[in-house]
Amino acid sequence: MLLVPDASEQEIAATAAAFLAAEFPLARLHGARADHDRLGEFAALGWLGLSAPEANGGSGLGVIEEMLFFYELGRVAGPVGVLAQVLAIAAAGDERELCAALIAGETPVALVVQRSEEAGIRFVGAADRGYALEVTPAGATLFAVRGGDCTEVPCLDRSVRMHTGPASALEQRLHVAGDRLWYRAQVAVSAMLVGTAECAQDMTVAYAKVRETFGRPIGAYQAVRHPCADMAMRIEGARCQLYYAATALQEQQADARLHVDAARLLADRAAKANTDANIQLHGGIGVTEEFDAHLLLKRANLLWRLFGASQHRMRTLLGLDDAAEGLAHGEDA
Amino acid sequence: MDLHYSAEDDAFRAQARGWLRDNIPRERRPAHGEAAAQFDRDWQRRLFEHGWAGLNWPAEYGGLGLSAIQQVIWYEECARAGAPHYINTTYVALMHAGPTIIACGTPAQKTFHLPRILAGESLWCQGFSEPNAGSDLASLKTAGVIDGDELVVNGSKTWTTDGQHADFQELLIRTEPGSARHKGLTWVICDMRAPGITVQPIRTMLGDAHVNTTFYDDVRIPLANVVGEPGGGWKTAMSTLAFERGTGFIGDQLALYERVNRAIALAGRTRLADGRLAIDDSDIAGRLALIKADTLAIKAMTFAQISEIRQGGNPGPKGSIMKLMVTSTAKALSHLVAEIVGWEFMEYNDDRNDHPLTYDYLWSWVYTIAGGTSEIQREIIADQLLQLPRSR
Ligand SMILES: Cc1cc2nc3c(=O)[nH]c(=O)nc-3n(C[C@H](O)[C@H](O)[C@H](O)COP(=O)(O)OP(=O)(O)OC[C@H]3O[C@@H](n4cnc5c(N)ncnc54)[C@H](O)[C@@H]3O)c2cc1C
């Protein structure tokens, strides 16, 4: 039983953190119409294939390492395209050629976030080339995108591109039944959410030490200190539960789904509340375009909408479904 | 990271489960009074006789010296089996006084007190807070003046939980006249039967009188009862408080999980005023789900803390995060249950056994106040974890 990263896990997290801090500082997001995913750079360092089997050109690591990587990605509001790419690689499975192209970052993948015959589709990511991935509790589907049929629409999170189009713009390329990818996706997006929450906390705490009003740093006022302590509490709970969930999923523990759903709920709460408090505790500068705080708020809004279905999560947690029964059965559900 | 228990730990769990199944008392613990204290003594004696006393005490002092993970297993099994709650009249003796004497006591103090605590023969209470020194404990004024080989104590302590049952008290007093704050304090073992001590019950809103004000009128305490250095009482006291905020609540942390599951079952069979099952109300279900998620997180935090300690780290202010999270989750849970149960909740007759749900609800404020209020926990987190500028 060990619920803190061991030496090799720490090293992976530290390597990811160093790369991301150097190459993806938050400052990059100002003014840019859309953050380039720069998949090639992630590919070159092996991040995209981190948890793909070695036989398919990956590094063969597991859910835990993947979670630690996405946590760090969340801390810099890193490219969401990387999340889509990693999940698509998992979906591609044994399709060697496809897998190789995805791991090399040559074929970008968008995330389908809405799809119905009547209302059409919506996806986050580029439309011109490549694929779009939809992940639901029932299965994951990789589509080829007919970009010409789609329209780019604005997105509150300016660092990502968003498109809508008719359902016919997607052509199914492959489908994997079961909820295996759904739960991998939940762990990854939860990790990004907690990373975002932690970035917001660090920003507030740093400012509270230097900004002075009435002759004292604002961090000496309890109306500032106590919300900071609450930020720390939300992160601690969400982070420990995330560690537990990723480990349970990695080990295919019988109650892994329950733990992942709990982790996601707490990650949502931490990201929403911390990005909110971060703006409030910065005062006027917090609402400016020039300052970083809104970037985190907008990113949190994007992330907590991904892989939604909170109704499903609630039912699992309350034991109203037998969904939490066992991973092994779910594999071919 | 991994979630595997060793074969040894699995064997320990099986052993604990089997023993608890065959040995937990059949009768309910009386709600109050001497009968409740006697029940606790008897249960402690039983644990002692069967080799289950002093889970976290080193073996050389008669304890089990269990690893943190085996302590977790023990408390999980207790919660599962519905064993008597460990936060009872033996709590201060086993979780505060004993560990403090082990850390700072003299050989004579160890020889006399530790076996009696383990066997459930002596109960203890804590005399730290005063009417004008709670959160700001260092402002305490109860004084001890040295006279020969004795201290003569005058003053008063308050909120003395279970003082009416206790044989001994951990007493924190000012022994250097004119000293201020953390200096000049001394931690002494006070015999609760000594002449000059008056214990006056305080009735609480829970309908019981388990806390007291303790008055000291020329109470003579041998200097041999000082634990740690005379004048170094703050240091001795902190070894106790750090313990309480760190691992002293493991059992409560884990018991929350069973409580949430019982609340979910309750919501699944209780009808609201409009005839719907409580669990079908989306507000209730949403709040329950979040509380359950928090409870799982508390368990995960417990494992993470244990892992950090094992890797040589010091969880330090994380203990304050834990207390804040456990007490606020317990409060949210008992308040939600109060909404679910309807009018039955109102039939409270001051007996916790008859109305545990109302009792839990009223207790939730004790939880967020005693042992350092939630506000003080936030202060500790802000100071020590986030290193924010001091507010005071
Ligand atoms: C049921 C019960 C049992 C107890 N058992 C024991 C016992 O056995 N032995 C013992 O020694 N003590 C015991 N206590 C005492 C307990 O530790 C104190 O009540 C607690 O530390 C708070 O102190 P206080 O009551 O003096 O409140 P105060 O310190 O007067 O606080 C009043 C309010 O102000 C807030 N506050 C105070 N200072 C600050 C600050 N710096 N920043 C922000 N907010 C602040 C507090 O959070 C609180 O909300 C018990 C208390 C209760 C209720």
Side-chain angles (χ1 to χ4, degrees), chain A residues 1-6 9 64 67-68 201 204-205 208-209 216-222 224-248 250-251 253 255 258-259 261-266 269 310-311 313-320, chain B residues 1-6 9 68-69 72 260-261 264-265 267-268 279 282 285-286 288-308 310-311 313 317-318 320-322 324-325 328-329 374-375 377-383 385-392:
Chain A
M1 171 66 74
L2 183 72
L3 209 61
V4 292
D6 65 22
E9 289 159 353
I64 295 171
M67 175 274 291
L68 292 169
Q201 175 204 261
T204 306
V205 169
K209 289 176 183 171
R216 303 171 74 188
I218 57 170
Y221 295 112
Q222 295 188 329
V224 173
R225 296 159 65 77
H226 291 198
C228 288
D230 287 336
M231 285 180 159
M233 176 175 71
R234 285 189 288 263
I235 291 169
E236 186 66 11
R239 190 178 54 82
C240 291
Q241 182 57 28
L242 176 67
Y243 285 1
Y244 196 104
T247 311
Q250 172 69 34
E251 294 176 358
Q253 300 268 351
D255 57 357
L258 172 80
H259 286 288
D261 284 331
R264 175 67 200 266
L265 217 54
L266 299 179
R269 181 178 64 185
S310 59
Q311 201 61 27
R313 260 194 290 287
M314 237 164 62
R315 292 186 66 80
T316 322
L317 269 171
L318 297 179
L320 302 177
Chain B
M1 290 186 274
D2 78 85
L3 303 177
H4 296 298
Y5 292 96
S6 67
D9 292 342
I69 200 76
V72 167
V260 175
N261 286 338
I264 293 170
I279 199 92
S282 62
L288 262 179
L290 206 52
I291 289 169
K292 175 141 182 194
D294 275 327
T295 310
L296 292 170
I298 286 165
K299 242 176 153 168
M301 284 163 66
T302 304
F303 288 129
Q305 244 175 46
I306 288 172
S307 303
E308 255 165 61
R310 207 169 58 205
Q311 289 195 338
K318 295 246 176 105
S320 287
I321 292 195
M322 184 70 93
L324 191 55
M325 180 117 164
S328 53
T329 305
S374 298
E375 290 74 23
Q377 305 308 327
R378 289 192 178 91
E379 286 292 288
I380 296 171
I381 296 164
D383 284 341
L385 191 73
L386 304 177
Q387 313 260 312
L388 284 168
R390 297 234 160 204
S391 67
R392 60 217 130 82

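In terms of heavy-atom pairs under 4.5 Å with chain B, the best-connected choice from A:V205, A:D261, A:V224 is A:V205. The candidate from A:G219, A:A208, A:P217 with the greatest count of non-hydrogen atom pairs under 4.5 Å with chain B is A:G219. Heavy-atom pairs under 4.5 Å with chain B were tallied for A:R315, A:Q222, A:R264; the largest tally goes to A:Q222. When each of A:R216, A:E9, A:R239 is scored by its heavy-atom pairs under 4.5 Å with chain B, the top score falls to A:E9. Here A:L2 is the residue among A:L242, A:L318, A:L2 with the most heavy-atom pairs under 4.5 Å with chain B.
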Exercise. Assess whether side chain to side chain contact (heavy atoms under 4.5 Å, CB included) is satisfied between A:L266 and B:L296, documenting all intermediate values.
Key: CA-CA 10 Å; A:L266 299 179; B:L296 292 170; over 6 Å; no
Self-check item: Worked verdict on A:D230 versus B:L324 for side chain to side chain contact (heavy atoms under 4.5 Å, CB included)
Solution: CA-CA 9 Å; A:D230 287 336; B:L324 191 55; 4.1 Å; yes
Quiz item: Does the side chain to side chain contact (heavy atoms under 4.5 Å, CB included) test come out yes or no for A:L265 and B:K292, once each step is laid out?
Solution: CA-CA 10 Å; A:L265 217 54; B:K292 175 141 182 194; over 6 Å; no
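Only the side chain of B:I279 comes within contact range of chain A, judged by heavy atoms closer than 4.5 Å. Using a 4.5 Å cut-off between heavy atoms, A:Q201 touches chain B through its side chain atoms alone. Both the backbone and the side chain of B:L290 have a heavy atom closer than 4.5 Å to some heavy atom of chain A. In this structure, no portion of A:R313 lies under 4.5 Å from any heavy atom of chain B. Looking at B:N261, there are no atoms closer than 4.5 Å to chain A (heavy atoms on both sides), in backbone or side chain. For B:L288, the parts sitting under 4.5 Å from any heavy atom of chain A are the backbone and the side chain alike. For B:L385, the part lying near chain A is the side chain, with the backbone staying farther off; criterion is any non-hydrogen pair under 4.5 Å. For a residue to count as touching a neighbouring chain, one of its non-hydrogen atoms must lie under 4.5 Å from one of that chain's; by this rule A:I64 touches chain B with the side chain only. Of the two parts of B:Q387, the backbone and the side chain both hold a non-hydrogen atom closer than 4.5 Å to a non-hydrogen atom of chain A. Using a 4.5 Å cut-off between heavy atoms, A:E236 contacts chain B through both its backbone and its side chain.
Side chain of A:R225 to main chain of B:I381: no donor-acceptor pair is present (N/O by atom type, distance under 3.5 Å, no hydrogens or angles).
For the atom pair CG (A:L317) and CD1 (B:I291), the distance works out to 12.0 Å, reported to the nearest 0.5 Å. Expressed to the nearest 0.5 Å, how far CG of A:L3 lies from CD1 of B:I306 amounts to 10.0 Å. Distance check, rounded to the nearest 0.5 Å: NE2 of B:H4 to CD of A:Q253 gives 6.5 Å. Atoms NE2 and OG, on A:H226 and B:S374 in that order, are 10.0 Å from each other to the nearest 0.5 Å.
Scanning for side chain to side chain donor-acceptor pair (under 3.5 Å) contacts around B:D294 gives A:R269, with sequence neighbours left out. In this structure, B:R310 has no salt bridge (Lys or Arg N to Asp or Glu O under 4.0 Å) partners at least two apart in sequence or on a different chain.
Contact check for B:M1 versus A:V4: no side-chain heavy atoms found under the 4.5 Å cut-off.
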